[in-house]
2 protein chains.
Amino acid sequence: MSTAARARLDPVDPSLLRGLRDHVHEALRRAIVSGEIPSGAALNERQLAEELGVSTTPIKEALRRLENEGLAVTEPRRGTRVTFDARQAEEMALARAALEGMIARLAAQRVDDAALAAIQATVEQMRAATAEGDVPRLIALNEQFHDAIHDASGCRYLHRLIEGQRVYDHTARSIILGDAEERGRAFAEHAAIFEALARRDPDAAETAMRDHVVRSGRHHVKAAFDRRKEQAS
Amino acid sequence: MSTAARARLDPVDPSLLRGLRDHVHEALRRAIVSGEIPSGAALNERQLAEELGVSTTPIKEALRRLENEGLAVTEPRRGTRVTFDARQAEEMALARAALEGMIARLAAQRVDDAALAAIQATVEQMRAATAEGDVPRLIALNEQFHDAIHDASGCRYLHRLIEGQRVYDHTARSIILGDAEERGRAFAEHAAIFEALARRDPDAAETAMRDHVVRSGRHHVKAAFDRRKEQAS
DNA sequence: TGCTGAAATTTGATATATCAAGCTCGCGAC
DNA sequence: GTCGCGAGCTTGATATATCAAATTTCAGCA
């Protein structure tokens, strides 16, 4: 066997080659969350199919998924409408907070030293990026930080569920983190979460994580919907 | 206008008239959660279509939904497989606990006296049904209790999200509540949740609700998967 | 016997056709 | 003028056809 003679390769993940339905879903989700498609707007299958240059089949699948995520509702034989307003964005942020808190609690119980060291390294990089005001880097580190905690918890289902509660896009994130004060607050919160994990203190980890996500989520929602109100007037 | 002369009617909800995809989804979800279709089993579109006597279109939509719920994974051009094991059931129970806790917290802040009285009435009925060992009634009251709290919170999105974390079917529920000790524990917990709501104490409400759902969830998961292990041997 | 590779098969992905429920709008009766 | 009613249109729901990737099968060769 030749495999014994060379380095072992990672198996490819077939799910990376995604089909049209995922592109359609992503495009629609982005447009809905960013407010480009307002709440209440109709999502016409044939119209979307023509606009996106695909058939109605992948459109239907994408719409079903949006429906399941709570971003759209379908009335049989009537049509699908977007349902995403400030109220729902707040609830999604709260859901995220509750779930991130729970996963942080589990991570505090299960994290090993290697993972803890990696998280600490991320926090140190965040400290630097925060001081420098390197926003794109901060966004990447943010994700890395939260993903590392999810990994440490070992909870894949919770991770997936949390990912589904995103109420901001990359652009919104950039705007928020453009403010130095917000960067400072976020860093302090991240540091507190790390400290709790380092002490393997589940209660503290959950509280710190939840407070962070609640505050940050509120900030995002307020900023996003205030902006929309302005643009509307 | 004749409407002024008679009682106002509630608007009909068109979503009650559901199509094939919802039936397919429900059938599959039930089969997966109950263990009838084991984790790892392939879900063949054409085979399911023939079995259920429908075309592949509603099957695809149902599979997409299951995928989004985390109960199945699809590898493009390869197929869809069930993914639901004890580990995931535990995570779903934890997600439910975190979310139910959050919604109870909000309910404690927002509940009005009328809703509180209704919840209290439900608890009193639970007391009677618990003593009598009336299991079907207890199941119904349980749902009524939790739904009333969800309503009091005003959080429709959270309510939907929580409903998606169900890891037991009606049958499992009956078996669990067949045990008098379990009925007693559940009643004490429900009473504690009500007391916290009555005091408008968000922290206590969240803690009581979460503890209840965590314990009850663990019990359900353990019972369900122990039973499967036995049947397998 | 064991390996290679091409053909056949399976299966999901996508496109298209068909059906029926709702909606729109205007004609006509009162 | 208003209400009733139906023809025609719109649209989602469902079924079927087509395409291509992935897998399997098996003949042919070393």
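Everything numeric here is computed off the predicted structure, so don't read it as measured data. Per chain, numbering begins at 1; letters A, B, ... match sequence-line order.
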| What does the inter-axis angle of the helix from C:dT1-D:dA30 to C:dC30-D:dG1 come out as, five pairs per end, nearest 10 degrees? | 10°
| request: Just jot down the side-chain contact (heavy atoms from CB on, under 4.5 Å) partners of B:H159, sequence neighbours excluded, or say none. | output: B:D147, B:H150, B:E163
| request: Name all residues meeting the ring-ring contact (aromatic ring centres under 6.0 Å, His included) criterion together with B:Y157; count only those two or more places apart in sequence or in a different chain, and write none if there are none. | output: none
| remark: Applying side-chain hydrogen bond (donor to acceptor under 3.5 Å, both in side chains) to B:D151 and not counting sequence neighbours gives none
Would you tabulate the nitrogen or oxygen pairs shorter than 3.5 Å linking the protein to nucleotides 9-15 of chain C?
residue : atom : partner : partner atom : Å
C:dT11  : OP1  : B:N44   : ND2          : 3.3
C:dT11  : O5'  : B:N44   : ND2          : 3.3
C:dG12  : OP2  : B:E45   : N            : 3.3
C:dG12  : N7   : B:R46   : NH2          : 2.7
C:dG12  : O6   : B:R46   : NH2          : 2.7
C:dG12  : N2   : B:R77   : NH1          : 2.7
C:dA13  : OP1  : A:R21   : NH2          : 3.0
C:dA13  : OP2  : B:R64   : NH2          : 3.3
C:dA13  : O4'  : B:R77   : NH1          : 3.4
C:dT14  : OP1  : A:L20   : N            : 2.7
C:dA15  : OP2  : A:S55   : N            : 2.6
C:dA15  : OP2  : A:S55   : OG           : 3.1
C:dA15  : N7   : A:T57   : OG1          : 2.6

| Under the ring-ring contact (aromatic ring centres under 6.0 Å, His included) test, residues paired with A:H25 that sit two or more places apart | none
| message | The criterion is side-chain hydrogen bond (donor to acceptor under 3.5 Å, both in side chains); which residues satisfy it with B:Q47, sequence neighbours excluded? | response | B:E51
| request: Identify, with sequence neighbours excluded, every residue that meets side-chain contact (heavy atoms from CB on, under 4.5 Å) alongside A:R77. | output: none
| query | Which pairs count as side chain to side chain donor-acceptor pair (under 3.5 Å) when at least one residue sits in residues 80-95 of chain B, sequence neighbours excluded? | reply | B:T74-B:T80
| side-chain contact (heavy atoms from CB on, under 4.5 Å) against A:A129, all qualifying residues, sequence neighbours excluded | A:D134, A:R137, A:L138, A:L141
| B:T56 and B:E45 side chains, donor-acceptor separation under 3.5 Å | no
| query | Of all of residues 66-73 of chain B, which get a heavy atom below 4.0 angstrom from DNA chain C, listed by number? | reply | none
| said: Please enumerate all residues that pass ring-ring contact (aromatic ring centres under 6.0 Å, His included) together with B:H219, with sequence neighbours excluded. | reply: none
